[in-house]
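One structure below.
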Amino acid sequence: MTITPAPPSGPPTRCTPLDLARGILTGAVIGSSLAALVVGTVLERVPLLVGGLAVPIAYGLLVLAAGAPKRAREAAIVPRTALAKIESLRAIGGETSDVPVRFDLTVAPDCGPAYRVESIQSVNLVDLPDYKPGGIVIVQCPPHQPWAVKLVKRPTPQWEDRATAARIDSAPGPALTDEPPPDGTVGGYLALLALLLGAAGVVFVFRADLFGPEDPTDRPPSAAGPANPGISSTTIVSAASATVALGPGQSLFDEGRLRSAVDSLTEGDGRKRQALTVVVQDRLLTVVFTPAGSQAPGFDLDALPYPRIPALLREARATLGVRSPRTWQLTAESLSGALTLRVGVAGAEGAASLEANGHGEIVRRVSAR
């Protein structure tokens with residue numbers, strides 16, 4: 001029996017609207033999930049981290065559930081058996097008894113034209129000599145997936161007799177592969193665009209938290225130059241109070257700046273003046289001195305825990321529920337007898353504060369409500 005091939009007809013590869021929609025949705029889920037994980041890590045938002053993990057898992061389960069009926073229908077289809085001619089074969093690796101072999105076959109089904117296909121099959125080393133170029137083998141493949149051929153290693157006697165008597169002419173190429181080459185140019189671009197838009201959407205929603213006002217305590221000291229209060233600063237000293245205002249690009253929370261500004265207020269005095277209240281903002285220092293002859297409780301300016309003050313501000317910003325503070329200030333006083341420091345911050349979430357003792361140790365927090 002001689003089988004003459006006809007021109008091969010491969011499976012349809014054009015993307016359907018459903019494939020495009022699925023690709024766009026997949027890209028959006030991947031992009032938004034990755035962005036949520038990154039943004040959640042940066043902002044320390046647990047809900048974002050949970051969402052970045054839960055959304056792709058839920059989407060994957062949804063895709064599996066939606067494709068279950070189709071997979072069930074395909075599994076119910078009985079594969080068809082056909083004869084095939086080995087055009088060539090080549091072992092492509094393997095260090096066990098089963099060797100992966102790439103077969104180039106001409107498949108000749110009973111109910112259609114012959115076609116060329118490439119397929120990788122695992123063949124036992126003992127059986128490998130039975131497969132030679134020009135030999136006739138028996139294969140099976142689903143009717144809707146002619147490229148998914150599998151060698152039948154234990155055929156029925158009827159098919160063995162047919163294989164012994166058959167002659168198959170070689171079919172022209174190109175050969176189909178184990179998976180049809182999808183025409184995914186448009187779908188790939190749309191999926192990539194959806195991925196980028198999904199990531200950009202998450203970043204846009206949290207842009208205020210990500211790119212909010214710069215925290216002066218996080219700026220490196222070198223950004224404002226050396227701690228010299230004489231550069232772009234104004235100092236006003238009177239009998240009752242003193243003020244130091246720094247110029248642009250400087251902060252009292254740069255390394256050594258606050259201590260230098262306080263020392264500049266008492267330069268030339270033969271004695272250290274007692275302070276009633278000290279208020280510190282980013283570029284403004286205000287000191288109210290105890291009136292002469294007053295019994296009001298004051299404190300020595302040298303008693304302030306200068307090294308701990310920047311850390312207290314960072315602690316207030318990070319732990320009191322105010323993510324993007326618009327205003328903040330540090331107040332030091334000893335009206336209760338002991339030196340007390342209070343850091344207040346205010347933003348869209350409300351106002352919050354923390355209180356520390358004279359050693360810079362936090363003793364109380366009031367979170368935003």
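In this text, all values refer to a predicted model and were calculated from it rather than measured experimentally.
- Put simply, the side chain of Pro155 reaches to within 4.5 Å of the side chain of Glu160, judged on heavy atoms.
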Worked verdict on Asp130 versus Lys153 for salt bridge (Lys or Arg N to Asp or Glu O under 4.0 Å):
CA-CA 11 Å; Asp130 297 337; Lys153 298 180 181 179; over 6 Å; no

Step by step, work out the side chain to side chain donor-acceptor pair (under 3.5 Å) result for Gln274 and Thr290.
CA-CA 6 Å; Gln274 294 286 306; Thr290 56; over 6 Å; no

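- Checked by atom type and distance alone, the side chain of Tyr115 never pairs as donor or acceptor with a backbone atom of Pro109 at under 3.5 Å.
- Side-chain N or O atoms of Arg342 include none that pairs as donor or acceptor with a backbone N or O of Thr331 at under 3.5 Å.
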I would like to know whether Arg257 and Gln250 meet side chain to side chain donor-acceptor pair (under 3.5 Å); could you show each step before the answer?
CA-CA 9 Å; Arg257 179 82 68 178; Gln250 304 177 75; 3.0 Å; yes

For Ser170 and Glu87, run side chain to side chain donor-acceptor pair (under 3.5 Å): C-alpha distance rounded to whole Å, both residues' side-chain angles, the deciding distance at 0.1 Å, then the answer.
CA-CA 7 Å; Ser170 299; Glu87 302 293 345; 2.8 Å; yes

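- Considering CZ of Arg314 and OG1 of Thr319, their distance stands at 12.5 Å, rounded to 0.5 Å.
- The closest donor-acceptor contact from the side chain of Arg308 to the backbone of Gly360 lies under 3.5 Å.
- Within the 4.5 Å cutoff, no side-chain heavy atoms of Trp147 are placed close to those of Val149.
- A donor-acceptor contact shorter than 3.5 Å is absent between the side chain of Arg162 and the backbone of Trp159.
- For the residue pair Ser353 / Glu355, no side-chain donor-acceptor distance below 3.5 Å is found, with atom types taken as modelled.
- Test Asp282, Val262, Leu246 against Leu252 for side-chain contact (heavy atoms from CB on, under 4.5 Å) and you get one pass: Leu246.
- In this structure, Thr81 contributes its side chain and Gln140 its backbone to no donor-acceptor pair below 3.5 Å.
- Judged by distance alone, the side chain of Ser264 and the main-chain N or O of Ala261 form a donor-acceptor pair under 3.5 Å.
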For residues 191-203, run the donor-acceptor check on the side chains, cut-off 3.5 Å, and write out each pair with its distance to 0.1 Å, sequence neighbours left out.
none

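- Looking at heavy atoms from C-beta onward, Val287 lies out of side-chain contact with Thr277 at the 4.5 angstrom threshold.
- A donor atom on one side chain and an acceptor atom on the other are not found under 3.5 Å apart for Ser33 and Tyr59.
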